[in-house]
S.K.: 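Would you mind keeping the following structure in view while I ask a few things?
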Amino acid sequence: MGYANQPEQAVVGIETSKLHLKAVLLRDGELLCKVLENDMAGYRWLRSWLQKNDVAVSGLRVCMRLDAPHSDIAARSLALMGMQVCDAPPAELAQFARGSGLDAQGMGAVLLAHYAAAGQPPRWTPPSPAYLELRLWLQRLQAVQEVRRQEAARLDGHLQAGQQALHDLLIEQIACLDQQIAEHEEVILAHIRRHPNLDKPPELAGKHQRVARLAFPTEKATRL
């Protein structure tokens, strides 16, 4: 099964969901499991649980799937507690599972713990507050854009049904939403200008390509 020669140093694998964390402590070849809330109280309970099991929290290697939903806040909080949070890229984790005879689909936190123990993935560095603020602005922009899309999709239906008053009201609301979208984009661009060395968030490669072109015009010129 590939479990031989387990290191003595304790490691933790954590599987995240919207409401819970599943934490697996691997030490001396033995596994201990704990399910906690995915909130600040849960992170503190995790720290207490580790300490009760004689595990030093400072520098403890904790492996997570940082591409998984609901992992961001947990990763930042555990890093602030002094833990050494490590990322497990999906492709590398799957390759490790195949080589170790582990089930990549069904083991979750157990697999992450074994991966941390065997592969010793590099330490993850929490993003800067400016980067986090940029992502929140982009998420807010996307929410407003989605509302506009939904309202625009209703226009023809109201017109075809002879609901002229509703149609006119939607036109006004869409105009307001367009103004909000423009204001959000200006705030985002100003934020990027204040922090020119920020990494490009993944949102800019998706639904916010217009903002990306305005924020990073030199990248487009280089590609051309």
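We use all heavy atoms of the structure for the numbers below, so side chains are in, but hydrogens, waters and symmetry mates are not.
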S.K.: Decide yes or no on side-chain contact (heavy atoms from CB on, under 4.5 Å) for Val144 and Leu177, but give the supporting numbers first.
M.R.: CA-CA 7 Å; Val144 178; Leu177 290 168; 4.0 Å; yes
S.K.: Can you tell if the side chain of Ser77 reaches within under 4.5 Å of the side chain of Ile73, non-hydrogen atoms only?
M.R.: yes
S.K.: Do you know the tightest heavy-atom contact between Glu15 and Ala109?
M.R.: OE1-N, 3.5 Å
S.K.: What is the minimum heavy-atom distance between Met64 and Ala74, and which atoms define it?
M.R.: CE-CB, 4.0 Å
S.K.: Looking only at heavy atoms, which two atoms of Val11 and Ala117 are closest? And how far apart?
M.R.: CG2-CB, 3.9 Å
S.K.: So does Val55 get a backbone contact from the side chain of Asn53, meaning a donor-acceptor N/O pair under 3.5 Å?
M.R.: no
S.K.: State the CD-CD1 distance between Glu186 and Ile181, to the nearest 0.5 angstrom.
M.R.: 13.0 Å
S.K.: Just by distance, with hydrogens left out, do Glu37 and Tyr43 show a side-chain donor and acceptor under 3.5 Å apart?
M.R.: no
S.K.: One pair to check against side-chain contact (heavy atoms from CB on, under 4.5 Å): Leu46 and Val57. What are the steps and the verdict?
M.R.: CA-CA 10 Å; Leu46 174 62; Val57 171; over 6 Å; no
S.K.: Applying a strict under-4.5 Å side-chain criterion to I, L, V, M, F, W and Y, I'd like to know whether Val85 and Val12 cluster together.
M.R.: yes
S.K.: Could you check Val62 against Leu112 for side-chain contact (heavy atoms from CB on, under 4.5 Å), going step by step and ending with a plain yes or no?
M.R.: CA-CA 9 Å; Val62 176; Leu112 288 167; over 6 Å; no
S.K.: Give a yes-or-no answer on whether the side chains of Gln150 and Glu146 include a donor-acceptor pair shorter than 3.5 Å.
M.R.: yes
S.K.: Say whether Val187 and Val147 are linked into one hydrophobic cluster, either directly or through other cluster members, by side-chain heavy-atom distances under 4.5 angstrom.
M.R.: yes
S.K.: Nearest 0.5 Å, please: how far is CD1 in Ile192 from CZ in Arg194?
M.R.: 10.0 Å
S.K.: Within the distance-only criterion (no hydrogens, no angle test), does the side chain of Ser71 pair as donor or acceptor with the backbone N or O of Ala68 below 3.5 angstrom?
M.R.: yes
S.K.: Going by heavy atoms in the side chains, are Ser128 and Leu198 under 4.5 Å from each other?
M.R.: yes
S.K.: Taking C-beta and beyond as the side chain, do His158 and Asp168 meet within less than 4.5 Å on heavy atoms?
M.R.: no
S.K.: Compare every heavy atom of Cys86 with every heavy atom of Pro121, then report the nearest pair and how far apart it is.
M.R.: O-SG, 3.4 Å
S.K.: Hey, does His114 have a side-chain heavy atom less than 4.5 Å from the side chain of Val24?
M.R.: no
S.K.: Atom CG in Leu93, atom CZ in Arg98: separation rounded to 0.5 Å?
M.R.: 10.0 Å
S.K.: Quick check: closest heavy atoms across Ser17 and His70, and the distance to 0.1 Å?
M.R.: O-CB, 3.5 Å
S.K.: Within this structure, what is the CZ-CD distance for the pair Arg123 and Gln84, rounded to the nearest 0.5 Å?
M.R.: 5.0 Å
S.K.: Could you walk me through whether Leu138 and Ile188 satisfy the side-chain contact (heavy atoms from CB on, under 4.5 Å) test, starting with their C-alpha distance in whole Å, then the side-chain angles of each, then the deciding distance to 0.1 Å, before giving a yes or no?
M.R.: CA-CA 7 Å; Leu138 288 169; Ile188 290 168; 3.8 Å; yes
S.K.: Keeping the roles fixed (side chain from Asp87, backbone from Leu66), state whether a donor-acceptor pair exists under 3.5 Å.
M.R.: yes
S.K.: Is there a side-chain contact between Met83 and Leu50 in this structure, where contact means two heavy atoms from C-beta onward sitting under 4.5 Å apart?
M.R.: yes
S.K.: Can you see which heavy atom on Pro127 is nearest to which on Trp124, and at what distance?
M.R.: CD-CZ2, 3.4 Å
S.K.: Is there side-chain contact between Leu25 and Leu31, with at least one heavy-atom pair below 4.5 Å?
M.R.: no
S.K.: Within a 6.0 Å radius of atom CH2 on Trp49, are there more than 12 heavy atoms belonging to other residues, nucleotides or ligands?
M.R.: yes
S.K.: Which residues pass the salt bridge (charged side-chain N to carboxylate O under 4.0 Å, His left out) test with Arg148, not counting sequence neighbours?
M.R.: Asp178
S.K.: Would you check if the side chain of Asp67 reaches a backbone N or O of Pro90 as a donor-acceptor pair within less than 3.5 Å?
M.R.: no
S.K.: Decide if the gap between the ring center of His184 and the ring center of Trp137 is smaller than 6.0 angstrom.
M.R.: yes
S.K.: Could you tell me the separation between the CD atom of Gln163 and the CG atom of Leu169, rounded to the nearest 0.5 Å?
M.R.: 11.5 Å
S.K.: Just by modelled atom types, is the Pro69 backbone N or O under 3.5 Å from a matching donor or acceptor in the Thr16 side chain?
M.R.: yes
S.K.: Is there a side-chain contact between Glu92 and Tyr115 in this structure, where contact means two heavy atoms from C-beta onward sitting under 4.5 Å apart?
M.R.: yes
S.K.: Among the clusters formed by ILVMFWY side chains lying less than 4.5 Å apart, do Leu36 and Leu60 turn up in the same one?
M.R.: yes
S.K.: State plainly whether one hydrophobic cluster holds both Val35 and Trp45, where clusters connect Ile, Leu, Val, Met, Phe, Trp and Tyr through side-chain heavy atoms under 4.5 angstrom apart.
M.R.: no
S.K.: Are Leu134 and Leu189 joined in one hydrophobic group, where the rule is that I, L, V, M, F, W and Y side chains link up if heavy atoms are under 4.5 Å apart?
M.R.: yes
S.K.: Hey, what do you get for CZ (Arg61) to CG (Leu26), rounding to the nearest 0.5 Å?
M.R.: 10.0 Å
S.K.: Got a donor-acceptor contact below 3.5 angstrom from the Asn38 side chain to the Leu21 backbone?
M.R.: no
S.K.: Is the count of non-hydrogen atoms from other residues, nucleotides or ligands lying under 6.0 Å from Gln139 atom CD greater than 12?
M.R.: yes
S.K.: Does any non-hydrogen side-chain atom of Asp39 lie less than 4.5 Å from one of His20?
M.R.: no
